[in-house]
Trainee: 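Take a look at the following structure, please.
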Protein chains: 2
Amino acid sequence: MNSKDIAKIAGVSRSTVSRVINNYPNVPPETKEKVLKVIKEYNYVPHASARMLRGKRSETIGIVIVDLKRDIHKIYDNVYFGPFTTAVIDFANQLGYKVLVITVYKVKDYKKVREVFYNKTIDGAIFIGIKNDDPDIKDLIEAGFKIAVVDQEIRDDEEDPFNKSIIVNMDNVNGAYEATKYLIGLGHTEIAHITGDMEKLSGFARLEGYKKALKEAGIPFKSRLVVKGDFVEESGYKAAYKLFKKAKPTAIFASNDQMAIGAMQALEEMGYKVPEDVSIIGFDDITISRYLKPALTTMSASLLQMAELAVVNLIKSIEEELGITAKFVVPVKLVERESCKRLNISKEKEDTEYAISMRR
Amino acid sequence: MNSKDIAKIAGVSRSTVSRVINNYPNVPPETKEKVLKVIKEYNYVPHASARMLRGKRSETIGIVIVDLKRDIHKIYDNVYFGPFTTAVIDFANQLGYKVLVITVYKVKDYKKVREVFYNKTIDGAIFIGIKNDDPDIKDLIEAGFKIAVVDQEIRDDEEDPFNKSIIVNMDNVNGAYEATKYLIGLGHTEIAHITGDMEKLSGFARLEGYKKALKEAGIPFKSRLVVKGDFVEESGYKAAYKLFKKAKPTAIFASNDQMAIGAMQALEEMGYKVPEDVSIIGFDDITISRYLKPALTTMSASLLQMAELAVVNLIKSIEEELGITAKFVVPVKLVERESCKRLNISKEKEDTEYAISMRR
DNA sequence: CTGAAAGCGCTTACAG
DNA sequence: CTGAAAGCGCTTACAG
């Protein structure tokens, strides 16, 4: 079944069939109806490749999930990429776009991405999990492809390639600042920080927010209270052990929830109770966090909103064929749960003060 | 940049360029090298649509995530579809295939699926979250498209359309049987069951396994101990309340972990302790389950293995162009954690017996 | 070993 | 309002 067959059966030319399919105005209602009837009857759908070859868009966007320095299948149970990807698919579908998912576990996997761009399989793509200033992505942007990136520094330099892409970030600095300030507000001064992957904006920006809050409160920054992680659970676990070998913080700000969970595990093994002995706050508000005992206090941004901004603006940029260069910073808010408490000055005051930090 | 340009620059014909790209044997090494150099230099990638129009496969499979009777965005934080989808993408990519993700929230969304099949965007598809005997999928199979389905009854009827597809299931009956038997082995006889969606194989097959275990142990089946759920957390929550209004089971077998989690929440609200007052076992072993307090005992099957079976056999069926009709039943095993304990005959014996049920 | 030519299934100026 | 024809960028018999 192709347009020629349909034309023959409907008693018109292929041109007319095409006009009907593309909903052109210059087709009289009766002709249109006649053709539509045949199309329906034969379950005819125009060959996508033929249309694209004639210059139609593929109406497909890619979502590129980058997870370097990890083995294959590790995003398998990733609690962050999954929800974001689903949200992207849903918003894109709503706008009539299909979504191709591409995973990048090694730098050379970027070849897959270049291919689908150059061979016109996709009209544009959203990148997540990327490090800051990634040269492979930079090249693609410079080649003129439509791209949205999540978690990328917004630079002042007008000439920077990333300025030609759509950027969607969480308000990392402010979120980290608020998280740290919250702990300070509970009376803590010995506040540790488990950092994220420092090659990513969310890694170094959250450290910056932590420092900013300390500085503002007049608490001296101590490098022994900062230990490096890389955003996965295990790194949080190891970081907590390393931390308590050289220091005795009363509170920890972990750069994401997964590391907070790993740290809580280590804390439990070392015999510290959360939040009685150590308060801990995370970042991201992943699904698991509310099921933990104690439920994890954390900083939350709307992944849904981020996905929507990326999708809507990417598609706008594709369809208007002009380089949209929007930049978005999504707000982050505190989700108080059970993993932080007021530092107890004296044992007697504990109960009442605990009650205060318990309200959700 | 197209093959004509490359041909001109390399000083050969388009035919030869094509032969090099497709790695045909009848090209002398020098010619091949010359052409390859130009291709590399100009970053040339053949237009995917043009190749497909000439009959090449799209080398893209679809993964269709069906989630009917729910609002949009609900699979957003689905703990089951996400990991499975990622696993499918990874296995497909390994075999050189791209993956298009399609969500179906309403029956009419199947239109999207038909479209990508008929317009040749995908070579085949894997369906998950489907109800048993879905007519929309049946039509697609009968139209001759290559399809793999997860969670679909394996029928004896040779003529049944689904017999022309690839089927991958968990061993639902046996898993449910083992779960129930495990509770019986702990001394329970008042064992409730929160069912899954009864339109799905995993829903009714797990009920069947539950019944089978009771029967074998000579425990009479009581309909007041069975309450309907539909595989989501909230339904487990409601089911638990309904259950305890009319009965006092000492153990619950929930048809999946999400409902078990909902039930645990309700149990806590009603003042029952898990596992001291009520034992509970789930099914699926989702990521959250091991973080719960008490950690959830559950039945686990390898999603990775299921995804691999579906992908590998679908692609085999696409490439060999013959209707592969493989059927797979993936084994399910018990994961003992903390949510079940031996029914205490007398309070005194409790401690020692609890220790037994505690080993993981 | 290599090139000229046909054709995959569409869309779209062009002519009427 | 409608059709004949060109052409998108490839691949592949065919001929040499």
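When reading the values below, keep in mind they use all heavy atoms of this one structure, side chains included, and skip hydrogens, waters and symmetry mates.
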Trainee: Determine which bases of DNA chain D form Watson-Crick or G-U wobble pairs with both distances under 3.5 Å, and write the result as a 5' to 3' dot-bracket string with | for other-strand partners.
Mentor: |||.||||||||.|||
Trainee: Measure NZ/Lys4(B) against P/dG3(C) and give the value in whole Å, please.
Mentor: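 Between P of dG3(C) and NZ of Lys4(B): 15 Å.
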Trainee: With sequence neighbours left out, which residue pairs that include part of residues 118-136 of chain A fulfil the salt bridge (charged side-chain N to carboxylate O under 4.0 Å, His left out) condition?
Mentor: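 Every pair satisfying salt bridge (charged side-chain N to carboxylate O under 4.0 Å, His left out) with a residue in residues 118-136 of chain A: Arg114(A)-Asp136(A), Asp133(A)-Lys138(A), Asp133(A)-Arg155(A).
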Trainee: State which residues pass side chain to side chain contact (heavy atoms under 4.5 Å, CB included) with Leu36(A); sequence neighbours excluded, sorted by chain then number.
Mentor: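 Once residues adjacent in sequence are excluded, the partners of Leu36(A) under the side chain to side chain contact (heavy atoms under 4.5 Å, CB included) criterion are Val20(A), Lys32(A), Ile39(A).
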Trainee: Could you grab the distance from atom CD1 of Ile63(B) to atom CD1 of Ile89(A), nearest 0.5 Å is fine?
Mentor: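 Atom-to-atom, Ile63(B):CD1 and Ile89(A):CD1 are 9.5 Å apart.
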Trainee: Specify the separation, in whole Å, of atom CD1 of Ile39(B) and atom P of dC10(D).
Mentor: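 Atom CD1 in Ile39(B) sits about 10 Å away from atom P in dC10(D).
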Trainee: Does a nitrogen or oxygen in the side chain of Thr16(B) sit under 4.0 Å from OP1 or OP2 of dC1(C)?
Mentor: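 False: Thr16(B) side-chain N/O out of range (4.0 Å or more) of dC1(C) OP1/OP2.
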Trainee: Which whole number of Å gives the distance between the C1' atom of dG16(C) and that of dT12(C)?
Mentor: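 Pairwise C1' distance, dG16(C) against dT12(C), rounds to 16 Å.
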Trainee: Would you tabulate the pairs of protein nitrogen or oxygen atoms and nucleotide nitrogen or oxygen atoms of nucleotides 7-9 of chain D closer than 3.5 angstrom?
Mentor:
unit_1	atom_1	unit_2	atom_2	d
dG7(D)	N2	Arg54(A)	NE	3.3
dG7(D)	N2	Arg54(A)	NH1	2.9
dG7(D)	N3	Arg54(A)	NH1	3.1
dG9(D)	N2	Ala50(B)	O	3.4

Trainee: Would you mind listing every side chain to side chain donor-acceptor pair (under 3.5 Å) that reaches into residues 37-48 of chain A, with sequence neighbours excluded?
Mentor: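 Of all non-adjacent pairs touching residues 37-48 of chain A, none passes side chain to side chain donor-acceptor pair (under 3.5 Å).
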Trainee: Under the side chain to side chain contact (heavy atoms under 4.5 Å, CB included) rule, collect the residues that match up with Glu142(A), sequence neighbours excluded.
Mentor: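 Applying side chain to side chain contact (heavy atoms under 4.5 Å, CB included) to Glu142(A) gives Asp139(A), Pro161(A).
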Trainee: In chain order, what residues pass the ring-ring contact (aromatic ring centres under 6.0 Å, His included) check against Phe145(A), with sequence neighbours excluded?
Mentor: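 In terms of ring-ring contact (aromatic ring centres under 6.0 Å, His included), with neighbours along the sequence ignored, Phe145(A) is linked to Phe117(A), Tyr118(A).
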Trainee: Determine whether the side chains of Thr103(B) and Asn93(A) contain a donor N or O and an acceptor N or O closer than 3.5 Å.
Mentor: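 Distance-only check passes for Thr103(B) and Asn93(A).
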Trainee: Please collect all ring pair (Phe, Tyr, Trp, His ring centres under 6.0 Å) contacts where either partner lies in residues 8-27 of chain B, sequence neighbours excluded, each pair once.
Mentor: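 Residue pairs passing ring pair (Phe, Tyr, Trp, His ring centres under 6.0 Å), neighbours aside: none found.
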Trainee: Could you work out, with side chain to side chain donor-acceptor pair (under 3.5 Å) as the rule, every residue matching Ser18(A), not counting sequence neighbours?
Mentor: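 Only Asn22(A) meet the side chain to side chain donor-acceptor pair (under 3.5 Å) criterion with Ser18(A).
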Trainee: Applying side chain to side chain contact (heavy atoms under 4.5 Å, CB included), name anything that partners Asn313(B), two or more places apart in sequence or on another chain.
Mentor: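 Asn313(B) satisfies side chain to side chain contact (heavy atoms under 4.5 Å, CB included) with Ile166(B), Leu309(B), Lys316(B), Ala326(B), Phe328(B) only.
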Trainee: For DNA chain D, what residues of residues 19-33 of chain A have any heavy atom nearer than 4.0 Å?
Mentor: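 Only Arg19(A), Asn26(A), Pro28(A), Thr31(A) qualify.
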Trainee: Restricting to salt bridge (charged side-chain N to carboxylate O under 4.0 Å, His left out), what partner residues turn up for Glu115(A), sequence neighbours left out?
Mentor: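 Glu115(A) satisfies salt bridge (charged side-chain N to carboxylate O under 4.0 Å, His left out) with Lys111(A) only.
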Trainee: Are OP1 or OP2 of dG3(C) and a side-chain N or O of Ser15(B) less than 4.0 angstrom apart?
Mentor: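 So the side-chain polar atoms of Ser15(B) never come under 4.0 Å of the phosphate oxygens OP1 or OP2 of dG3(C).
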